[in-house]
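No experiment lies behind these values; they were computed from the predicted model shown.
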Amino acid sequence: MIPAILRRVLTMAVTLLVISALVFFVIKLPPGDYLTNRIMELRATGDAGSIAKAELLIRQYGIDRPVWQQYLMWVGLMPGPGGFSGLLQGDWGWSFEYDKPVADVVGDALWLTLLVNLTAVIFVHLVAIPAAIYSATHRHTAGDAVVTLLGYVGLAVPGFLLALILLFYANRWFGLSIGGLYESSLTNRPWDGEKIRSLLAHLVVPTLVIGLGGTAAMIRRMRANLLDELAKPYTVTARAKGLPPTRALLKYPFRMSLNPFVADIGNLLPHLVSGSVLVSLVLSLPTVGPLLLEALRNQDQFMAGFILMFVASLTVVGMLISDLTLVWLDPRIRMGLR
């Protein structure tokens with residue numbers, strides 16, 4: 001297994017390098033950049049001091065150089081005016097919109113994004129798996145009909161619309177403001193017990209809104225997979241030989257029905273991050289989604305590039321986790337890797 005894991009890690013590194021090139025060159029496709037556009041605006045107002053600062057940043061980050069050189073300096077494979085200082089060296093670049101390092105802009109947003117989406121993933125699995133098992137083992141009952149209806153509703157209602165509905169009725173019926181991830185009065189306060197308690201209380205709504213669509217999809221897919229496994233001859237034989245119903249269900253059919261969902265772990269986290277941008281805007285969540293949208297709109301290339309690479313890293317790491325989990329779950333895959 002160790003050689004297989006090492007091969008996967010090497011493949012991940014090459015994949016991230018290719019993705020970084022695609023991300024950077026796509027960001028550079030629109031004409032101009034933030035600093036060039038800003039200089040044009042400042043010249044119209046005659047602000048010489050700000051023009052000089054913008055021109056200094058252009059030289060400092062090599063934006064006046066060819067695009068391929070800008071890319072190599074951004075990654076850290078080519079020295080810039082200040083030497084090697086790129087992603088490989090831990091320098092995430094400078095946010096021209098906020099006039100500060102990208103690390104300072106996205107600091108709390110990164111781990112809050114991971115926290116929100118990890119809680120959504122946990123919610124999806126804790127709700128979807130029992131619901132799918134119940135629905136598959138109680139076909140054509142009232143409970144199965146209720147689970148099916150909830151699944152269709154979850155698939156049909158967009159997350160941002162559900163967020164708007166919850167915002168409206170929470171304020172109208174209970175006078176509560178459920179936006180954000182903590183009370184607005186705690187925004188600039190260091191993390192302490194009160195702020196953590198406020199965070200945990202505010203996590204409920206975004207977890208429900210972001211995870212509902214994934215929960216509905218997982219229920220429908222897992223129900224179909226489990227019904228298929230339960231109809232196979234090995235399951236019928238196990239029941240005929242007197243294997244207890246719970247063991248006959250969980251020993252093999254349930255494990256086999258999990259394979260497609262374990263394989264999707266690599267896509268689940270980045271999908272939740274990208275799919276929750278509108279929800280983050282509606283609920284005023286301090287995550288990377290709104291920052292990415294703003295960076296792309298303002299051509300803040302280093303911040304947009306770093307956030308996209310962050311999502312890409314989630315994807316490749318998630319794929320590694322899903323592969324290792326599949327190897328543990330299904331012995332046939334383990335034998336195939338040897």
| Student check: side-chain heavy atoms of V26 and L308 closer than 4.5 Å | no
| task | Establish whether M218 and V147 are linked, either directly or via other cluster members, by ILVMFWY side-chain heavy-atom contacts under 4.5 Å. | result | no
| said: Given 3.5 Å as the limit, does a donor-acceptor pair link the side chain of T235 with the main chain of A231, or not? | reply: no
| task | Would you indicate whether the side-chain heavy atoms of P286 and D108 approach each other to under 4.5 Å? | result | no
| side-chain contact (heavy atoms from CB on, under 4.5 Å) assessment of W111 paired with V106 | CA-CA 9 Å; W111 76 264; V106 302; over 6 Å; no
| Would you find a donor on one side and an acceptor on the other, under 3.5 Å apart, between the side chain of Q89 and the backbone of G86? | yes
| task | For the pair F96 and F302, name the ring-plane relationship: parallel under 30°, tilted 30 to 60°, perpendicular over 60°. | result | tilted
| said: Pair L112, L285 - check side-chain contact (heavy atoms from CB on, under 4.5 Å), show working. | reply: CA-CA 9 Å; L112 287 174; L285 304 181; over 6 Å; no
| request: Check the pair Y98 / D104 against side-chain contact (heavy atoms from CB on, under 4.5 Å), numbers first and verdict last. | output: CA-CA 10 Å; Y98 290 89; D104 293 345; over 6 Å; no
| Is the side chain of Q70 donor-acceptor paired with the backbone N or O of I63 at a distance under 3.5 Å, no angle test? | yes
| request: Spell out, as yes or no, whether a donor-acceptor pair under 3.5 Å connects the side chain of S20 to the backbone of L17. | output: yes
| query | Can you check side-chain contact (heavy atoms from CB on, under 4.5 Å) on F25 and L29, steps first, answer last? | reply | CA-CA 6 Å; F25 287 109; L29 280 178; 5.9 Å; no
| query | In terms of ring plane angle, is the pair W74 and Y71 parallel, tilted or perpendicular, where the classes change at 30° and 60°? | reply | tilted
| Within 6.0 Å of OH in Y152, more than 12 heavy atoms from elsewhere | no
| field | Any side-chain heavy-atom pair of R65 and M73 under 4.5 Å | value | yes
| What is the minimum heavy-atom distance between A304 and L296, and which atoms define it? | CB-CD2, 3.8 Å
| Any donor and acceptor pair, going by atom type alone, linking the side chain of N298 with main-chain N or O of D300 inside 3.5 Å? | no
| query | Is M78 reachable from I27 through a run of hydrophobic residues whose side-chain heavy atoms are each under 4.5 Å from the next? | reply | yes
| V204 and L126: same hydrophobic cluster, using ILVMFWY side-chain contacts below 4.5 Å? | no
| Cluster check V153, V205: I/L/V/M/F/W/Y, side chain < 4.5 angstrom | yes
| From E97 atom CD to M303 atom CE, the distance as rounded to the nearest 0.5 Å | 7.0 Å
| Exercise: identify the closest heavy-atom pair between L227 and A136 | CD2-O, 3.3 Å
| Going from CG on L249 to CG on L230, what distance comes out if it is rounded to the nearest 0.5 angstrom? | 6.0 Å
| message | If I compare all heavy atoms of T137 with all of I133, which pair ends up nearest, and what's the gap? | response | OG1-O, 2.7 Å
| request: Answer yes or no: is there a donor N or O on one side and an acceptor on the other, between the side chain of S198 and the main chain of E194, under 3.5 Å? | output: no
| request: Taking the side chain as every heavy atom from C-beta outward, state whether L150 and T215 have any atom pair closer than 4.5 Å. | output: no
| Nearest heavy-atom neighbours spanning D91 and S85 | OD2-OG, 2.6 Å
| In terms of hydrophobic clusters joined by side-chain contacts under 4.5 Å, are F254 and V236 together? | no
| task | Test the R223-Y134 pair against the cation-pi criterion, namely NZ or CZ under 6.0 angstrom from the six-membered ring centroid and within 45° of the ring axis. | result | no
| query | T207 versus V116: any side-chain heavy-atom pair under 4.5 Å? | reply | no
| task | May I ask you to decide if H140's main-chain N or O and D144's side chain share a donor-acceptor pair within less than 3.5 Å? | result | yes
| field | Closest non-hydrogen atom pair between A312 and I19, with its separation | value | CB-CG2, 3.7 Å
| remark: Closest non-hydrogen contact found for F84 with P79 is CZ-CD, 3.4 Å
| message | Closer than 3.5 angstrom, by distance alone: can the side chain of T113 be matched with the main-chain N or O of V288 as a donor-acceptor pair? | response | yes
| said: salt bridge (charged side-chain N to carboxylate O under 4.0 Å, His left out), that's the test. Do R297 and E294 meet it? Break it down for me. | reply: CA-CA 5 Å; R297 184 171 58 245; E294 184 179 359; 5.3 Å; no
